[in-house]
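Accompanying notes for the structure given below.
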2 protein chains.
Amino acid sequence: MTLDQIRTFLAVTRLGGVRRAATHLNISQPAVSNRLLALEDSLGVILFDRDRGGVDLTQEGIKLLPYAEILMQTVDQIRTEVVPSDNLSAILRIGVIETIAESWLAEFLPKFYRLYPNVTVEVTVDISVNLREQLMDRSLDLALLMGPLSDYKVENHNLPAFDVGWFKKKGTPDPDLATTAVITFHKQSRPFQEIQSFMTEKLGSGVRLFPTSSLSTGFEMVASGVGVGAFPRRNILEERMKDRVEIFDAGWTPSPINITASYLRENKHGLVTRAVDCFLEIAGSAS
Amino acid sequence: MTLDQIRTFLAVTRLGGVRRAATHLNISQPAVSNRLLALEDSLGVILFDRDRGGVDLTQEGIKLLPYAEILMQTVDQIRTEVVPSDNLSAILRIGVIETIAESWLAEFLPKFYRLYPNVTVEVTVDISVNLREQLMDRSLDLALLMGPLSDYKVENHNLPAFDVGWFKKKGTPDPDLATTAVITFHKQSRPFQEIQSFMTEKLGSGVRLFPTSSLSTGFEMVASGVGVGAFPRRNILEERMKDRVEIFDAGWTPSPINITASYLRENKHGLVTRAVDCFLEIAGSAS
DNA sequence: AGAGGTTACGGGCAGCGTAAGGATC
DNA sequence: GATCCTTACGCTGCCCGTAACCTCT
């Protein structure tokens, strides 16, 4: 039994397949297969049913699972608590929504890099639903998104919310929402749905809502007079665009955007929580 | 970081030296040294001070220690709880005092072997003080001796006590302890000391006490009329010798011999506890 | 046929043991 | 000088990746 075998065993069970585990571990697929066979051999136990295409844990495999988790958890703890932060080398894959990418991320990266100069941070910017999916299939270690994620496997940490404000082209009169195009977040986002239901209820079905998955595009559209926008305030974009757009009061604003730092419980004792702490500090002092 | 490295790290810290660890692990001494260096390299941390001849844990090494223990403990648990007992292969080194060797051991060995056919049991018979020492320096995994051992590292399980009886040569009249040679356990044993202090107190300093580290020799001596003996009853020897020796009442008998199954806490989750369970069953049903 | 997993095989490298080389008491 | 640990070095064997093979849907 080796730690590599245990790590591989866990990857295969969590990702549900040899092939996927191989991708995740950056090794060839036969290598994964061999590690499993070697582990089974060293324990003298069959861990997987391979009958019906794919792999299913046997009873023995299920027995091994909790111990395997303890082992890898302990290894993670050693990496974060014994190894000095400045020579811990690892890859940390963080996914953020655009709002975060343009606010805390700029402060986070150098701060985190000072603490862990040998950790490579890979940042993915995407909408919350996609981040959630990537988190669940382990393509991400940590996601900062519109949360919380309700899944027993996920641990959520609340970060300060973002207020949403109405933006219009600078110098134009206050528009009427009922007759103006409204540009806002992506269709699958909570704010979009909140705005949509509010507006169809209050203003009838004639409203024109333009979702965009890019905040900067959204601001651009507002600045060029396509319509008004409902976007987070306290954003770098707000600062950058303040010559071309301005806030106005539309009588109603969507609820603030709740941000959570979310990660899988299985990573609770690893580097991920350090990154969360770092975000919490930044967000706390910035608010 | 590998499990071999962690195991080696623990052996070195527990046994207090590279050389001793090498012996314990059945590998060459440079191999141990290399594993330590490799571990230090992979963690990016110096674990040992090598300055003043020998090795001392550094602050970092002390930090690693509890995690290393969790790792090896978990590995032990996997070996006992996931691996089916009939293909667990291991070596279990048991030390017993002669009294045990001649009573429960005969029943223990085949029973344990049926449960764990691939475990090699190495039995050492010695007096309690030596067994204690061998347990502490890890030459034994389990010791059945006159316990308990009061050491925070040791876990003791009580087994049924052995009553002590006075034996004399068959057919001779009841002797007077004050004028007869008394043959009993080894000098460093608790019964010897109890008898010695009782007899010098009650009968003056003229008593003749003959300690022996061999029960059968002791019985032999009694049978040939050298003196009387204070030995455990319910012993195979008692049965075997019943034509030549017999019990008599000397008006006082030493306290029963307390037997404990003792092992190091660090092995609590391994095979050792299974062996203890097995002994407990045997001793329980035999009494 | 395609997706999933295992077997076969050659090559590189990690890790062992033997032997020699410092340190420290 | 004795004891203890590290460095040097040749060698074995494990484990990886490529490629071919099997087996269910």
Side-chain angles (χ1 to χ4, degrees), chain A residues 1-58 60-62 64 68 71-72 75 89 137-139, chain B residues 1-58 60-62 64 68 71-72 75 89 137-139:
Chain A
M1 181 171 53
T2 69
L3 285 175
D4 272 343
Q5 287 166 5
I6 295 292
R7 198 192 324 279
T8 306
F9 168 77
L10 269 187
V12 170
T13 52
R14 284 175 176 165
L15 300 174
V18 172
R19 202 172 220 85
R20 278 184 284 265
T23 311
H24 187 75
L25 298 170
N26 280 317
I27 57 177
S28 76
Q29 187 253 28
V32 171
S33 201
N34 278 328
R35 286 187 186 176
L36 292 186
L37 292 170
L39 181 58
E40 286 179 325
D41 187 54
S42 90
L43 297 183
V45 156
I46 301 297
L47 297 169
F48 295 98
D49 272 334
R50 280 108 161 155
D51 298 346
R52 18 187 192 287
V55 288
D56 291 311
L57 278 180
T58 61
E60 317 294 328
I62 292 172
L64 176 60
L71 285 177
M72 291 322 297
V75 170
S89 107
D137 72 10
R138 278 86 172 174
S139 327
Chain B
M1 180 171 52
T2 70
L3 285 176
D4 273 343
Q5 287 166 5
I6 295 291
R7 198 190 326 278
T8 306
F9 167 77
L10 269 187
V12 171
T13 52
R14 284 174 176 165
L15 300 174
V18 172
R19 194 175 286 284
R20 278 184 285 263
T23 311
H24 186 76
L25 298 170
N26 280 319
I27 58 177
S28 75
Q29 186 253 28
V32 171
S33 201
N34 277 329
R35 286 188 186 177
L36 291 186
L37 293 171
L39 181 58
E40 287 180 324
D41 187 54
S42 90
L43 297 183
V45 157
I46 302 297
L47 296 169
F48 294 99
D49 271 335
R50 280 109 162 155
D51 299 345
R52 10 186 199 285
V55 288
D56 290 311
L57 277 180
T58 61
E60 317 294 327
I62 292 172
L64 176 60
L71 285 177
M72 291 323 298
V75 169
S89 108
D137 72 11
R138 277 86 173 174
S139 328

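Everything numeric in this text was worked out from a predicted model, so none of it was measured. Chain naming here is simple, since letters A, B, ... match the order of the sequence lines and numbering starts at 1 in each.
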So if I take every side-chain heavy atom of [X] and compare against [options], which nucleotide ends up nearest?
X	options	value
Leu37(B)	dT6(D), dT18(C), dG5(C)	dT6(D)
Pro30(A)	dT6(C), dT6(D), dC16(C)	dT6(C)
Asn34(A)	dT18(C), dT7(C), dG5(C)	dT7(C)
Ala31(A)	dG5(C), dC16(C), dC16(D)	dC16(D)
Val18(A)	dG17(C), dT18(D), dT6(C)	dT6(C)

| field | Under 4.0 angstrom between Arg50(A) side-chain N/O and dT6(C) OP1 or OP2 | value | yes
| Between Arg35(A) and dC15(D), does any side-chain N or O lie under 4.0 Å from OP1 or OP2? |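 Looking at the OP1 and OP2 atoms of dC15(D), neither is under 4.0 Å from any side-chain N or O of Arg35(A).
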| Measuring from Leu10(A):CG to Leu71(A):CG, what's the distance to the nearest 0.5 Å? |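 The distance works out to 8.5 Å.
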| request: Indicate yes or no for a side-chain donor-acceptor contact from Thr8(A) to the backbone of Arg35(A) under 3.5 Å, with no hydrogens or angles considered. | output: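 Not confirmed, Thr8(A) side chain does not pair with Arg35(A) backbone.
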| request: Mark yes or no for whether Glu40(A), through its side chain, and Leu47(A), through its backbone, hold a donor-acceptor pair below 3.5 Å. | output: yes
| field | Interatomic distance, Asp51(A) CG vs dG5(C) C1' [rounded to whole Å] | value |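 Between C1' of dG5(C) and CG of Asp51(A): 12 Å.
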| Is a donor-acceptor pair below 3.5 Å formed from side chain Gln29(A) to base dG5(C), judging by atom type as modelled? | yes
| request: For Asp4(B), answer base if it contacts any base atom (sugar-phosphate contacts may also be present), sugar-phosphate if it contacts only those atoms, and nothing otherwise; contact means non-hydrogen atoms under 4.0 Å. | output: nothing
| If you pin Glu40(B) and Ala38(A) to their nearest nucleotides in DNA chain D, which one's is more 5'? |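 First, find each residue's nearest nucleotide; the 5'-ward one identifies Glu40(B).
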| task | Evaluate side chain to side chain contact (heavy atoms under 4.5 Å, CB included) for Leu15(B) paired with Thr23(B), printing each intermediate quantity in order. | result | CA-CA 10 Å; Leu15(B) 300 174; Thr23(B) 311; over 6 Å; no
